[in-house]
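Please read the structure below before turning to the comments.
For clarity, every value in this text was computed on a predicted model and none was experimentally measured. Naming convention: chains lettered A, B, ... in sequence-line order (proteins, then strands); numbering from 1 in each chain.
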Number of protein chains: 2
Amino acid sequence: MTTETSTTAPPATSELLATVGNKVRSMRKDRGMTLARLSEITGLSQAIVSQIERGMANPSFTTLAQLAHGLDIPVGRFFIGQDQSRSPVVRRSARRNLQNVTRESVGEAIHELLTPDRDGTIEAQWISTPPGHDTSATPFTHSGEEFCYIISGRKDVYLDGVCYSLEEGDSITYSSEIPHWYKNSYEEVCVAIWVNAPHAL
Amino acid sequence: MTTETSTTAPPATSELLATVGNKVRSMRKDRGMTLARLSEITGLSQAIVSQIERGMANPSFTTLAQLAHGLDIPVGRFFIGQDQSRSPVVRRSARRNLQNVTRESVGEAIHELLTPDRDGTIEAQWISTPPGHDTSATPFTHSGEEFCYIISGRKDVYLDGVCYSLEEGDSITYSSEIPHWYKNSYEEVCVAIWVNAPHAL
DNA sequence: CTACTCACATAACTATAGTGAAGATTTGAG
DNA sequence: CTCAAATCTTCACTATAGTTATGTGAGTAG
């Protein structure tokens with residue numbers, strides 16, 4: 001086989017269409033609207049609304065936006081409860097680069113997200129730090145708990161000013177509320193895994 | 001004019017398409033993917049992905065689902081930041097009925113949502129309570145702060161067992177953490193506005 | 001029972017989303 | 001600079017989303 005396979009099976013589209021349709025219909029009924037009324041305020045035809053509600057049409061982006069508008073809900077509401085099936089794995093080839101997200105002081109370091117892009121849950125990064133790299137100018141302080149494991153190279157992690165020199169295979173765990181920064185004061189690139197668990201709501 | 005107007009202007013679809021396209025492209029780039037790779041794992045053609053990214057096509061529901069799958073994000077991610085423009089008003093004719101959401105002890109009472117269907121923010125309900133209606137069997141206790149205003153009729157609100165008899169025009173405010181219930185021990189239907197402000201995250 | 005209304009479904013048509021292949025652009029090595 | 005490989009866009013076609021108009025079936029009045 002020549003093609004690399006996808007991370008998981010593709011979504012079963014027909015079922016998705018049915019569930020979205022059911023949502024539209026129940027929301028419309030909740031609001032005491034008829035097909036005619038909803039089509040009037042959305043600018044869509046009764047026919048297509050009826051078909052969508054019964055899972056017999058595949059609404060376009062703009063149609064979804066118009067329906068959401070008519071029902072006064074965020075468009076994303078149509079999609080809740082159907083992404084739990086998303087893969088827990090992030091392939092190396094599909095890691096998200098966080099370069100633009102992180103602070104400028106991070107400089108040449110490469111940050112890649114290791115956790116699926118969910119909101120509010122645990123988050124892991126793959127971090128490659130070049131020799132001399134130093135984040136002491138902008139110590140991090142936020143909520144949650146952190147863990148770091150060194151894959152290769154060495155790195156000095158500072159918690160509240162106290163230095164912990166880590167080598168390959170070492171790890172460190174601490175509260176994110178402690179001001180923390182790190183520095184690669186060695187000759188080789190340091191590659192580490194960094195995990196942050198934000199506190200639950 | 002014969003038709004009742006919509007609550008707000010319909011969304012400007014062309015702009016939405018552009019913003020969604022930009023999101024797809026930046027997410028793909030973040031992951032270091034080419035059009036060919038994304039089309040491969042989504043099962044879509046390069047052509048349509050290119051067109052969508054440039055805002056020149058109106059992707060269908062299933063196409064959006066496939067793209068989200070390929071990027072390993074929830075589909076709703078495509079829509080964040082574009083629903084702030086939603087109307088703050090909920091027309092009487094478009095109120096959402098919460099009947100099925102509330103507890104069975106609520107019985108014949110009618111609950112209708114008065115706030116736009118956002119998550120996690122303040123929420124208001126219109127509540128119609130028939131004579132004799134009583135929720136004391138299942139007192140409510142949750143987080144946040146509550147406020148209730150009586151539009152017509154009378155109602156007895158109990159906070160931690162203490163009775164407050166409210167009449168038309170009266171209002172009451174309390175912490176939702178206090179176990180609370182209410183009873184319409186009068187002859188007429190009571191109509192009230194109830195507001196709950198969940199504590200911010 | 002018949003005529004009328006309201007809510008929804010179906011049918012025939014047309015506009016466009018999506019495909020596959022070929023063309024244009026960019027990138028990088030020598 | 002030139003050539004080649006990789007990446008992206010354009011083109012001609014087909015499958016289908018969405019429209020207008022008509023049909024069905026349940027209720028209600030006369």
- Nucleotide C:dA15, atom P - distance to CG of A:Leu44 in whole Å: 17 Å

- Query: In whole angstrom, what separates B:Ile48's CD1 from C:dA21's P?
  - Reply: 17 Å

- Query: When you check the gap from the basic side-chain N to the acidic O, do B:Glu53 and B:Arg28 get nearer than 4.0 Å?
  - Reply: yes

- Message: Generate the contact string for nucleotides 5-13 of chain C. Rules: B means base contact, S means sugar-phosphate contact only, - means no protein heavy atom under 4.0 Å.
- Response: --SBSB---

- Item | Any A:Thr63 side-chain heavy atom under 4.5 Å of A:Ile52 side chain | yes

- For C:dA17, does either OP1 or OP2 sit under 4.0 Å from a side-chain N or O belonging to B:Thr63? no

- Any side-chain heavy atom of A:Val189 within less than 4.5 Å of one from A:Thr129? no

- Query: Between A:Phe61 (CZ) and D:dG18 (P), how many Å, whole number?
  - Reply: 13 Å

- Message: Using whole Å, what does the distance between atom P of nucleotide D:dT7 and atom CG of B:Leu38 come to?
- Response: 13 Å

- Query: What does A:Ser45 touch in the nucleic acid at a heavy-atom separation under 4.0 angstrom: a base, only the sugar-phosphate, or nothing?
  - Reply: base

- Task: Let me know the distance between CG of A:Asn58 and P of D:dT14, rounded to the nearest Å.
- Result: 21 Å

- Is the backbone N or O of B:Ser60 less than 3.5 Å from a side-chain atom of A:Asn58, with the two atoms forming a donor-acceptor pair by type? no

- Query: Are any side-chain N or O atoms of A:Asp134 and backbone N or O atoms of A:Lys183, one a donor and one an acceptor, separated by less than 3.5 Å?
  - Reply: no

- Message: Within 45 degrees of the ring normal and closer than 6.0 Å to the centroid, is that where the cationic atom of A:Lys155 sits relative to A:Tyr182?
- Response: yes

- Task: Provide, to the nearest angstrom, the distance between the CZ atom belonging to B:Arg37 and the P atom belonging to D:dT7.
- Result: 12 Å

